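The block underneath contains the structure these notes are about, expressed in structure tokens.
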There are 2 protein chains.
Amino acid sequence: MKETISNLPMREKILDTAASLFAQKGFYAVSVREITRTVGIKESSLYNHFRSKDQLLEEIFDLFQSQEEEFFKGLSSAIEIKKTFKRGKIKTFLNNELKRFLRFWDSPQRERLWFIVSMEQHRNPHAAGLILQGFQQTRKSLKNLIQVLVDHKIIKPLNSDLLAAEYSYTMRAMFLEYRLLKVTNQSTHSIKKSMEAYIQRFLERIQDKG
Amino acid sequence: MKETISNLPMREKILDTAASLFAQKGFYAVSVREITRTVGIKESSLYNHFRSKDQLLEEIFDLFQSQEEEFFKGLSSAIEIKKTFKRGKIKTFLNNELKRFLRFWDSPQRERLWFIVSMEQHRNPHAAGLILQGFQQTRKSLKNLIQVLVDHKIIKPLNSDLLAAEYSYTMRAMFLEYRLLKVTNQSTHSIKKSMEAYIQRFLERIQDKG
DNA sequence: GTCTATACGAGGATAGAC
DNA sequence: GTCTATCCTCGTATAGAC
């Protein structure tokens with residue numbers, strides 16, 4: 001895959017390398033020298049493409065945001081398509097979306113973006129905003145789904161705000177543990193099972209058996 | 001309160017200053033020069049108290065761990081004492097423990113420790129271990145509580161592992177949002193209400209009405 | 001236990017030749 | 001758009017006087 005990277009325009013090559021190094025060590029621990037040495041250019045050349053080291057980080061934040069938007073757009077259209085939900089298929093749908101979510105962020109390129117934003121979220125307001133936006137978007141999408149299910153009388157007429165919050169918070173915390181296990185090279189089997197078990201119990205609670 | 005700090009032994013003063021600066025900017029963004037300048041000593045003097053900058057971080061991790069242990073010890077004894085649960089008091093108990101938890105980590109000293117460990121969790125295995133330990137401890141304490149409630153027939157004989165996981169994951173994600181809102185100077189009112197609402201619905205689901 | 005002095009590599013960034 | 005050369009500050013850390 002090195003060929004792919006080395007065929008990129010220099011600007012992309014720099015950004016890609018920076019993302020890779022930032023994700024491994026954190027923004028501050030990586031120097032411009034290290035980035036350019038890895039790319040194979042001189043420090044001064046980097047400044048023909050980026051104003052500063054900070055600009056690299058900002059562009060990475062933008063990439064993260066566009067990836068998040070891409071995922072949520074996919075989720076929205078999946079919900080839209082499934083307006084013809086068959087009663088028994090909700091569980092399959094949720095499990096598939098969970099798998100899609102995990103696969104989406106397991107992609108090495110996106111995983112790096114996720115790490116960088118996560119690392120920076122506590123000291124960088126921009127990063128914090130992106131994470132909070134993720135929380136909100138997840139709730140919003142879930143609320144939308146639950147409303148569709150309520151409208152089709154597949155689940156009881158429950159408060160979709162509260163349910164969406166509950167489901168998305170739980171899933172998000174599990175996802176954080178999933179990521180932490182992955183990065184420390186531990187098995188994610190158990191936490192994946194917990195996620196599936198949660199979906200199962202969540203549905204049992206809300207489905208309209210009548 | 002500056003008097004309090006300046007009366008500390010030098011070793012504590014350095015550690016306190018380091019924690020404060022690390023929490024604001026991150027470990028890498030803070031230099032030994034900056035720490036000693038803030039304390040009012042020369043760089044060389046710091047090395048009479050600490051082997052290296054890394055040792056400062058390690059000691060901060062130890063402080064975090066001892067604070068976590070302190071909290072969980074308090075929670076355990078609260079559960080122990082409440083073995084005589086009155087049916088109607090569980091909600092009060094959980095709400096109180098929630099408030100205690102938030103107040104505990106809202107203390108400026110502990111908040112700093114929490115920030116530092118959170119920031120370092122993605123690149124530092126020691127920090128990642130501490131966070132994962134927190135996940136586990138929370139589940140364990142909750143499982144213990146639920147088991148007590150089941151034994152006293154206050155709640156239905158449900159799987160305490162699954163319930164503990166669900167409750168603690170949800171609360172933890174909400175806590176993360178709480179912290180992120182705080183650090184970005186936004187209102188935490190809404191998320192606190194969500195926490196209380198979650199406790200309410202959780203209890204409704206599991207209480208033995210019979 | 002703190003200071004002065006110093007070592008020396010690494011940090012981000014720029015000027016100007018090619 | 002890349003290079004060489006250079007700037008100057010900051011990084012951690014140590015030796016040795018007081």
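Naming convention: chains lettered A, B, ... in sequence-line order (proteins, then strands); numbering from 1 in each chain. Just so it is clear, the structure is predicted and the values come from calculations on it, not from any experiment.
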Which residue lies more 5' along DNA chain C, comparing Met10(B) with Glu34(A) via nearest heavy atoms:
Met10(B)

Using the rule ring-ring contact (aromatic ring centres under 6.0 Å, His included), only one of Phe72(B), Tyr178(B), Trp114(B), Phe175(B) pairs with Phe101(B); which is it?
Phe175(B)

Closer than 4.0 angstrom, basic N to acidic O: yes or no for Lys182(A) and Asp106(A)?
yes

Take the protein atom NZ of Lys42(A) and the nucleotide atom C1' of dT14(C), then report the distance between them rounded to whole Å.
16 Å

Nearest whole Å is fine: how far is dT14(C) P from Leu46(A) CG?
11 Å

Hey, is Arg100(B) close enough to Glu97(B) for a salt bridge, meaning N to O under 4.0 Å?
yes

If you look at every strand shown and take non-hydrogen atoms under 4.0 Å, does Val39(A) touch a base, only sugar-phosphate, or nothing?
nothing

Can you tell me how far C1' of dA10(C) sits from CD1 of Ile35(A), to the nearest Å?
14 Å

For Lys53(A) and dT14(C), what is the distance between atoms NZ and C1' respectively, to the nearest whole Å?
18 Å

Would you say a side-chain N or O of Ser45(B) is under 4.0 Å from OP1 or OP2 of dC3(C)?
yes

Would you mind reading off the distance between Lys25(B) atom NZ and dC10(D) atom C1', rounded to a whole angstrom?
13 Å

Find the distance Arg33(A):CZ to dC7(D):C1' and express it as a whole number of Å.
11 Å

Once the angle between the rings of Trp105(B) and Phe64(B) is folded into 0 to 90°, is it parallel (under 30°), tilted (30 to 60°) or perpendicular (over 60°)?
tilted

Please check the phosphate of dT14(C) (OP1 and OP2 only) for any side-chain N or O of Tyr47(A) closer than 4.0 Å.
no

CZ of Arg51(A) versus C1' of dG12(C): gap in Å, rounded?
15 Å

Taking CZ from Phe50(A) and P from dG1(D), how many angstroms apart are they, rounded to a whole number?
12 Å

Ser31(B) (side chain) and dT12(D) (base): donor-acceptor pair under 3.5 Å
no

Closer than 4.0 angstrom, basic N to acidic O: yes or no for Arg37(B) and Glu43(B)?
no

Hey, which sits more toward the 5' end of DNA chain D by its nearest nucleotide, Glu43(A) or His49(A)?
His49(A)

Could a donor-acceptor pair under 3.5 angstrom be found where the side chain of Ser44(B) meets the base of dT4(C)?
yes

